[in-house]
Each structure stands twice: as C-alpha cells, then as structure tokens.
2 protein chains.
Amino acid sequence: MFTLAEENYLKNIYHLEHEFQGEVSTNAIAERMETKPSSVTDMVQKLAEKEMLSYKKYKGTLLTPSGRKKAANVIRKHRLWEVFLVEKLKFQWDEVHDIAEQLEHIQSDKLITRLDKFLDSPDFDPHGDPIPDKHGNVKSTEKRLLSEMEKNGRGVCVGVKETTKEFLQYLDKRKISIGTKLKVLGKEFFDGSMVIQVGNDQFFISKKIAENLYIQTN
Amino acid sequence: MFTLAEENYLKNIYHLEHEFQGEVSTNAIAERMETKPSSVTDMVQKLAEKEMLSYKKYKGTLLTPSGRKKAANVIRKHRLWEVFLVEKLKFQWDEVHDIAEQLEHIQSDKLITRLDKFLDSPDFDPHGDPIPDKHGNVKSTEKRLLSEMEKNGRGVCVGVKETTKEFLQYLDKRKISIGTKLKVLGKEFFDGSMVIQVGNDQFFISKKIAENLYIQTN
DNA sequence: ACTTTTTTTTAGACTTGACTAAAAATTAAA
DNA sequence: TTTAATTTTTAGTCAAGTCTAAAAAAAAGT
C-alpha cells in the first residue's frame with residue numbers, strides 16, 4: 001500500500017523521467033512538486049527502500065519497473081477520471097485537473113476497470129494525453145499540432161493546447177471533439193490557414209486554431 | 001478546510017447523534033471508529049475549537065449547526081457516489097461502501113452539483129438511506145420494511161436490508177430496483193407472504209423477501 | 001457516605017511528511 | 001588544480017493524528 005504522498009512522488013518522477021529522458025535530480029523533483037529538496041531526499045530514500053526507484057546519493061533517481069508501473073497506474077486513473085468529468089459531467093477541458101488530482105488516489109481496481117468500460121475504454125484524455133493501459137503500457141503514438149500537418153494528412157483530434165472558453169466554444173460549434181476524425185484538404189503557406197474536412201463538412205481554419213489542436217496520426 | 005480525519009469524525013458523530021438522540025459519549029465515538037478514547041478526546045477538543053461541536057469535559061458532545069451541516073454534506077457525497085457506483089457502474093449494493101468511503105472526501109462543490117444532476121437528483125442511496133440536500137436537510141420520511149405494510153399499501157422501493165448475491169439477483173429477475181413502485185395486493189397472515197404488483201406484473205413474495213426490502217410510503 | 005468500577009482526560013511518545021539550517025559532495029570557474 | 005558556486009544530504013524541529021499509561025472525574029455498589 002502506498003500513501004497519497006508516495007503516489008504523488010512516483011507520478012511526478014515518472015513525468016520528469018520522460019521530460020529529461022533519464023535520471024531525475026532531487027532539485028527537479030522539488031521544483032516540480034513545490035517542496036524543498038531536503039523533503040525530496042527523505043521521500044526518495046523511503047521509496048528506494050520500497051524498491052520503487054533506484055537511488056544513489058547525489059546521482060538522482062530512476063523508477064524501477066514496479067515503480068514505473070505504479071506511477072503509470074496513478075496516471076491512468078487521473079486521465080480516466082478526466083474523461084469522465086468531461087464526457088459525462090460536462091466539465092470543460094481546463095476545469096478537470098484539480099479534481100482528477102484527488103480522484104486519482106481512490107483505491108479500487110474494480111472501480112477503475114468499470115469506469116474504463118463505462119467510458120468505452122478511451123485511449124486519450126481530454127488534453128490529448130494517452131491513457132496507460134492496466135499494465136502500465138502507453139500507446140506511444142506521437143500527438144502533433146494540426147498546424148504541423150500537410151495537405152491530405154488525416155488524423156484524429158486527441159486534445160487541445162489552448163483551453164479558453166471561446167476556443168472550446170468554437171470547437172463545439174464546428175463539432176470537433178476528442179475522437180473527431182479530420183483531413184487536411186488544403187494549406188496556405190502565406191498565413192498557415194487550412195481547409196479541413198470534418199465529417200461531411202469542409203471549412204476554413206486559421207493558423208491560430210490549427211496551432212492549438214492536437215492530432216494523432218497513425 | 002477540513003482534514004480527512006476531521007470529516008470522518010464529524011460524519012460518525014452525526015450518525016451517533018441520531019442513534020442516541022442526544023449527546024454522544026467519547027467511548028461511543030471510539031468504539032464506532034475503532035480508535036482509542038484518548039484519540040477521540042484530542043480530536044473532539046480540536047473540533048470544538050473550530051466550533052463544529054459543543055463539548056464539555058466528561059459530558060459528551062453535540063454537533064453545532066455548522067458541524068451538522070458539514071457532516072450532512074459528507075454523507076450527501078457518500079450516498080451520491082453510492083448511487084453512481086450502482087446505477088452507472090453496475091456495482092452491487094453491498095460492494096459500494098468502501099469505495100464511497102473514499103470518494104466522500106473529494107473536494108469540489110461543482111463536482112457534486114454535476115454528479116447530482118447526472119444521477120437525476122436521487123433522494124435515496126442504494127441502501128434506502130435518504131440523501132441530504134445541498135443545505136444538509138434530510139427528507140425525514142421513514143423507510144419501512146415491505147413486510148410491515150398492509151394490503152393495498154403503495155410505496156417505492158428505496159433499499160435492501162440483506163445484500164447477498166442471491167437476493168440481489170432475485171430482485172433483478174423481478175425487475176425490482178431503487179425507485180420501483182409497488183403495491184401490496186394481498187397478505188397472508190399465516191406465513192407473512194404477499195402478493196404484490198410491480199409495473200404490470202403481479203407475483204407472490206415470501207415473508208423472507210418482504211423482510212429485506214425497504215419501502216418508502218408517502 | 002464511602003469504596004469500587006467505569007469513563008474520560010492528561011501527559012508523554014511515535015510516525016509521516018514537511019521544514020530550516022548547516023554540512024558534505026559535486027560541478028563550474030578561474 | 002584550487003577556489004567558488006551549486007546541488008544534495010544530514011540533523012534537528014514541527015504539526016497532525018495516533019497510541020499507552022497514568023491520573024482524574026463520574027457513576028455504581030454496598
């Protein structure tokens with residue numbers, strides 16, 4: 001069993017490992033978690049005892065396979081709850097983080113299994129981040145901005161970068177949401193604007209819009 | 001803001017107040033919460049400081065109006081989550097308590113408002129206990145066992161006493177769940193069995209069944 | 001009314017997870 | 001390579017919430 005604090009450390013170290021592609025320093029953890037390096041040292045030593053991470057004094061830490069699995073599971077729960085909040089409770093994409101931050105610590109495997117099914121086993125959360133599977137594996141398909149796509153490119157909307165009310169309302173109007181498939185029909189070099197196809201509708205999209213939509217291409 | 005421990009104390013004291021219809025003793029709290037009386041004294045003094053309850057040494061405690069409201073809100077959340085787990089995630093009625101025990105501490109008024117709406121503002125949880133409204137008020141209509149009802153009595157199923165798999169499956173088969181309206185068509189004095197009407201179906205029910213179904217009559 | 005028993009409180013200690021201040025190791029600069 | 005700056009760890013403290021053991025108050029028994 002893990003305490004809330006331990007779970008939060010594992011989760012944040014997991015994210016930092018990805019960011020740095022390697023060992024994570026004590027200071028980096030402290031900065032991310034808004035705590036002091038001395039507190040981090042304490043906790044990291046405790047988690048090393050529990051074999052959740054490997055730690056050598058002054059050399060930073062790396063998650064062990066079981067630590068990584070545990071961390072991925074917390075993130076899985078976080079992202080599934082985010083989907084629930086947006087899809088079922090109609091929260092906006094930028095309102096859900098703090099609540100999911102609490103919900104991710106609820107302990108019950110059965111709950112998560114059922115929540116996942118209830119939500120139709122989504123692959124991405126409302127921010128377009130992939131949801132790890134129950135074994136902690138992440139579909140590592142890269143998401144990219146719509147603005148980076150070329151003519152005739154196809155993909156699925158997996159998230160947004162900007163989360164202002166106005167932008168989200170625009171997307172609603174255009175019937176663009178998570179899972180929406182789209183195709184780039186044309187792209188204007190001069191201003192970066194595009195013409196895209198969504199379902200049976202074709203319409204113009206400005207560069208600003210295209211720079212704030214994450215697309216997953218297979 | 002309240003800690004998890006504080007919320008649990010308030011909730012349990014609330015229940016004990018109802019049980020005892022008055023002051024709650026230190027020992028009673030300790031026993032219910034499976035902790036030691038000395039720990040209870042500490043916490044009760046802390047909550048008295050916060051004016052959540054009135055406490056006189058050796059005389060037991062009573063919740064203040066704000067303490068009672070706070071407690072009712074925790075219970076509201078607990079019971080709403082229970083409805084969610086049963087109605088939406090298809091948990092059985094006896095599986096949900098421990099999970100709701102965790103979920104009741106999630107902090108977000110907006111979440112509860114939306115969850116309530118998502119569930120169609122239920123008045124009762126799957127055990128037939130009333131869900132306090134957002135002001136902490138409880139509809140104090142008594143629930144009673146079906147076996148206590150007389151011929152021609154009408155009511156709504158609000159919960160179960162027994163929660164074995166077999167019993168719940170029986171109810172499923174008979175299409176009886178929370179909110180199901182029913183009427184007593186006949187009652188046999190000899191063995192306490194009944195004939196009831198559920199929707200368009202009429203069927204026989206044994207005393208054993210009738211003694212495990214809670215009905216709310218208006 | 002005066003013991004005895006039960007209940008409740010106090011005092012002191014422990015654990016978790018944080019902190020500050022100071023020491024030690026590492027890295028960067030001269 | 002020796003000093004200076006940075007990073008990290010250690011040592012000691014603190015608050016929350018629990019515990020045990022002992023003291024104090026209340027209730028019960030004779």
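Every chain is numbered from 1 and lettered A, B, ... according to where its sequence line falls, protein lines coming before strand lines.
For the pair K88(B) and F84(A), the NZ or CZ position fails the cation-pi test of under 6.0 Å to the six-membered ring centre and within 45 degrees of the ring normal.
Put simply, CG on D42(A) is 14 Å from P on dG12(D), counting in whole angstrom units. Between the CE atom of M1(B) and the P atom of dA15(D) there is a distance of 22 Å, rounded to whole Å. Straight-line distance from the CD atom of Q45(B) to the P atom of dA16(D): 14 Å, rounded to whole Å. In this structure, E49(A) atom CD and dT16(C) atom C1' are separated by 15 Å, rounded to whole Å. The NZ atom of K59(A) sits 12 Å away from the P atom of dA25(C) (whole-angstrom rounding).
The side-chain heavy atoms of F118(A) and L80(A), taken from C-beta on, include no pair separated by under 4.5 Å. You'll find the side chain of L168(B) stays beyond 4.5 Å of the side chain of K165(B), heavy atoms only.
Listed for the T26(B) side chain is no donor-acceptor partner under 3.5 Å among the backbone atoms of P37(B). Remark: the backbone N or O of S147(B) is paired with a side-chain donor or acceptor of K187(B) at under 3.5 angstrom.
Note on ring orientation: taking the six-membered ring where Trp is involved, the planes of H97(B) and H78(B) are tilted (angle from 30° to 60°).
Residues from residues 27-39 of chain B that place a heavy atom under 4.0 Å from any atom of DNA chain C, listed by number: N27(B), P37(B), S38(B). Contacts between residues 4-11 of chain A and DNA chain C, defined by a heavy-atom separation under 4.0 Å, are made by A5(A), Y9(A).
A close approach under 4.0 Å does occur between a side-chain nitrogen or oxygen of K57(B) and OP1 or OP2 of dT10(C). At the phosphate of dA23(C), neither OP1 nor OP2 sits under 4.0 Å from any side-chain N or O atom of Y58(A).
Atom CD of E101(B) is surrounded by more than 12 heavy atoms from other residues, nucleotides or ligands within 6.0 Å.
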V184(A) and E150(A): side-chain contact (heavy atoms from CB on, under 4.5 Å), yes or no, with the steps?
CA-CA 7 Å; V184(A) 179; E150(A) 298 307 326; over 6 Å; no

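When the nucleotides dT8(D), dT10(D), dT8(C) are ranked by their closest atom to the side chain of T26(A), dT8(D) comes out on top.
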Check: residues 13-25 of chain B side-chain donor-acceptor pairs under 3.5 Å, at least two apart:
residue : atom : partner : partner atom : Å
E17(B)  : OE1  : R68(B)  : NE           : 3.4
E17(B)  : OE1  : R68(B)  : NH2          : 3.1
E17(B)  : OE2  : L63(B)  : N            : 2.5
S25(B)  : OG   : A28(B)  : N            : 3.1

